Amino acid sequence: MSTAPDLAGVEMGGTKMFVLRARGQEIVERVMIPTTTPAETLNAGAALLRRWHEAAPFDALGIASFGPLRLDRAAADFGHMLPTPKPGWTGADIYGALAGVLPCPATIDTDVNGAALAEMRWGLERKARKRKAGGHPIVCAISPSAPGWARVSRCMASRCMARCTRNWDIS
């Protein structure tokens, strides 16, 4: 029996959404769903997550989505898409549609913050191979203290950028 947690991850981009299941750091399965309308895209992702969870329950779900997103857990529209140029997506309940179908801990952040978190955890410092989807590393990052998620991810993102600019000649 494995002691690694069973995790689900969603990386939503403007043209495609990747839904994955992982055992610890090993990606077991990954499915690409085209980003069309909120109803089509989110319903397809939620159905896949439900099916996988019924077969083998997840310990947690991490969502990294294009934005802008409302990340304040105290806000009535937490996890919703804020005004965006992507037609039809303003107001879409990303978190509710995906996390609401699973009885496990879940968190959400932007795809940019998700990529920074993945770099900090498994990226350059650990010389890990990056798996990319649409320019961003796929991330299934779970925060044990979800209310502080956005604050922690912004801090990690700035540290990541500082580390990257120190190591690259950007002049």
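What you see is a predicted model; the values in this text were computed from it and never measured.
Distance alone, capped at 3.5 Å, places no donor-acceptor pair between the H53 side chain and the R51 backbone. Checking side-chain atoms of D59 against main-chain N and O of D6 turns up a donor-acceptor pair under 3.5 Å. A donor-acceptor contact shorter than 3.5 Å is absent between the side chain of T84 and the backbone of T90. A distance-only check finds no donor-acceptor pair linking the side chain of R70 to the backbone of A75 [under 3.5 Å].
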Yes or no on side-chain contact (heavy atoms from CB on, under 4.5 Å) for F58 and L49, after CA distance, side-chain angles and deciding distance? CA-CA 9 Å; F58 300 121; L49 289 168; 4.3 Å; yes
Would you sort out whether D77 and L82 count as a side-chain contact (heavy atoms from CB on, under 4.5 Å), showing the intermediate values? CA-CA 9 Å; D77 60 348; L82 297 174; 4.1 Å; yes
Could you please spell out the steps behind the side-chain contact (heavy atoms from CB on, under 4.5 Å) verdict for V28 and W52? CA-CA 11 Å; V28 177; W52 284 347; over 6 Å; no
Determine whether T107 and R73 satisfy the following criterion, side-chain contact (heavy atoms from CB on, under 4.5 Å), listing intermediate values before the conclusion. CA-CA 10 Å; T107 193; R73 285 187 173 265; 3.7 Å; yes
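With values rounded to the nearest 0.5 angstrom, N43 atom CG is found 12.5 Å from L48 atom CG. Interatomic distance, CD of E29 versus CZ of R23, reported as 11.0 Å (0.5 Å rounding). Distance check: T15 OG1 to K86 NZ gives 7.0 Å after rounding to the nearest 0.5 Å. Between the NZ atom in K16 and the OG1 atom in T36 there is a gap of 14.0 Å [rounded to 0.5 Å]. Between atom CD1 of residue I94 and atom CG of residue L69 there is a gap of 6.5 Å, rounded to the nearest 0.5 Å.
Linking ILVMFWY residues whenever their side-chain heavy atoms come closer than 4.5 Å, directly or via other members, places F66 and V31 in the same cluster.
Counting heavy atoms from C-beta on, the side chains of E11 and L20 never come closer than 4.5 Å. Looking only at side-chain heavy atoms (C-beta outward), W89 and T41 come within less than 4.5 Å of each other.
Closest heavy-atom contact between S65 and M81: OG-CE, 4.1 Å. Between G91 and H80 the shortest heavy-atom distance is O-CD2, 3.1 Å. Considering every non-hydrogen atom in both D93 and G96, the closest pair reads OD1-N, 2.8 Å. Residues L61 and L98 come closest through the heavy atom pair CD2-O, 3.9 Å. Residues T35 and M17 share a closest heavy-atom pair of OG1-N, 3.6 Å. In terms of heavy-atom proximity, A46 sits nearest to A97 at CB-O, 3.4 Å.
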